[in-house]
Amino acid sequence: MPQTLHIERHFTAGATVRDIVIGMSDGLTVPFALAAGLSGAVDSTRIVITAGLAEIAAGSIAMGLGGYLAARSDAEHYASERRREEQEIVEKRVAEIEEVREVLRSYGLGEVESDRTALALSERPAAWVDFMMRFELGLEAPDPKRALTSALTIAGSYIVGGFIPLSPYMLLAHARQALYISVLVTLLALFFFGFVKGHFTGANVLRSAVQTTLIGGVAAAAAFGIARLIG
């Protein structure tokens, strides 16, 4: 009897989506707030564009560096914890075997099964450490290229996001007129961004779009208000 091929589809690019969300959301709100704040003080698109481009450059570098350092910290933390586990399975072998049993029992395995599996793992040091890292500490081995990838993804997303609210100022002559278009374009971009994010993460696309628009809109409005008060 022919069997139907079972294909599982799981979303596995969570870290990349997270970096895009971080970069794009900040890129949409911060340059918008700066441009909007300047629009209330001067009616010069040239000044707004110059300041906006400078902010996008500085912001993308700062955000990308932050992503790089965060990923490097995760990798260093994992390496440190792995070294500790490798030392403990040698120096505290009995206690570590009991920890394996406790983890297995927490997943519903009986005493006999837990004992048998724990003893089998204890004969395979590398697999034993992998098990402890994942199931005791909840740590996954980081991608060695993760730091650079994260930095470039966040920085690139910031730049793309930053040009969206700034683009009306590049097309119109008056800053105050461009401001209204920038508000509309930014809200539409937030809605579309939330829709796409929901599609890739498997969430309700409409809810994701509305939520992203509201959160991004509130953040942009708050930043705009602060910029106007300072200006």
Side-chain angles (χ1 to χ4, degrees), residues 13-42 44-71 149-172 174-231:
T16 300
V17 170
R18 183 194 65 184
D19 290 340
I20 293 174
V21 169
I22 292 172
M24 184 71 75
S25 58
D26 277 17
L28 283 168
T29 55
V30 178
F32 166 76
L34 174 64
L38 286 174
S39 299
V42 295
S44 171
T45 55
R46 182 177 180 180
I47 294 177
V48 174
I49 292 171
T50 301
L53 291 176
E55 198 290 321
I56 290 173
S60 62
I61 292 172
M63 292 290 293
L65 180 60
Y68 179 85
L69 293 176
T149 301
S150 178
L152 294 176
T153 302
I154 293 176
S157 299
Y158 191 97
I159 292 172
V160 172
F163 271 99
I164 292 174
L166 198 62
S167 58
Y169 295 91
M170 298 178 175
L171 301 175
L172 300 174
H174 300 286
R176 290 182 178 85
Q177 181 184 6
L179 171 61
Y180 300 114
I181 306 299
S182 180
V183 171
L184 178 61
V185 169
T186 301
L187 291 176
L188 288 175
L190 285 168
F191 185 87
F192 178 75
F193 175 56
F195 186 92
V196 173
K197 181 182 69 172
H199 172 73
F200 280 105
T201 58
N204 183 287
V205 291
L206 183 59
R207 179 183 301 174
S208 176
V210 172
Q211 185 181 57
T212 303
T213 304
L214 289 176
I215 294 174
V218 170
F224 167 64
I226 294 172
R228 289 297 296 271
L229 285 175
I230 295 175

Legend entry - Which atom of Val21 lies closest to which atom of Ser25, heavy atoms considered: O-OG, 2.6 Å

Inset, instruction - For Ser182 and Ala178, indicate whether the former's side chain and the latter's backbone hold a donor-acceptor pair under 3.5 Å. - result: no

Inset, instruction - Please round to the nearest 0.5 Å and tell me the distance separating atom CG of Leu166 and atom CD1 of Ile56. - result: 5.0 Å

Legend entry - Evaluation steps, side-chain contact (heavy atoms from CB on, under 4.5 Å), between Phe191 and Thr186: CA-CA 9 Å; Phe191 185 87; Thr186 301; over 6 Å; no

Legend entry - Heavy-atom pair with the smallest gap, counting every atom of Met170 and Leu53: CE-CD2, 4.0 Å

Inset, instruction - Output the distance between atom CD1 (Ile159) and atom CE (Met63), rounded to the nearest 0.5 Å. - result: 12.0 Å

Legend entry - Member of Ile22, Leu28, Asp26 meeting the side chain to side chain contact (heavy atoms under 4.5 Å, CB included) criterion with Met24: Leu28

Inset, instruction - Report the C-alpha separation of Phe192 and Thr213 in whole Å, then their side-chain angles, then the decisive distance to 0.1 Å, and conclude whether the side-chain contact (heavy atoms from CB on, under 4.5 Å) test is met. - result: CA-CA 9 Å; Phe192 178 75; Thr213 304; over 6 Å; no

Inset, instruction - Could you tell me whether the side chain of Thr45 reaches within less than 4.5 Å of the side chain of Gln177, counting heavy atoms only? - result: no

Inset, instruction - Identify the heavy atoms of Pro165 and Gly27 that sit nearest to each other, and give their distance. - result: CG-O, 4.3 Å

Legend entry - Nearest non-hydrogen partners of Ala57 and Ser60, listed with the distance: O-OG, 3.0 Å

Inset, instruction - Begin from the C-alpha positions of Ile181 and Tyr169 and carry the test side-chain contact (heavy atoms from CB on, under 4.5 Å) through to its verdict. - result: CA-CA 9 Å; Ile181 306 299; Tyr169 295 91; over 6 Å; no

Legend entry - From Leu65 atom CG to Leu69 atom CG, the distance as rounded to the nearest 0.5 Å: 4.5 Å

Inset, instruction - Indicate yes or no for a side-chain donor-acceptor contact from Ser167 to the backbone of Ile164 under 3.5 Å, with no hydrogens or angles considered. - result: yes

Inset, instruction - Report the distance from atom OH of Tyr158 to atom CG of Asp19, rounding to the nearest 0.5 Å. - result: 15.5 Å

Inset, instruction - Return the minimal non-hydrogen interatomic distance between Val185 and Pro168, and the atom names on each side. - result: CG2-CG, 4.4 Å

Legend entry - Shortest non-hydrogen contact between Gly67 and Ser150, atoms and distance: O-OG, 3.7 Å

Inset, instruction - Check the pair Ile154, Tyr68 against side-chain contact (heavy atoms from CB on, under 4.5 Å), reporting the backbone distance first and the verdict last. - result: CA-CA 9 Å; Ile154 293 176; Tyr68 179 85; over 6 Å; no

Inset, instruction - Please confirm whether the backbone N or O of Gly194 pairs with a side-chain atom of Ser208, one donor and one acceptor, at under 3.5 Å? - result: yes

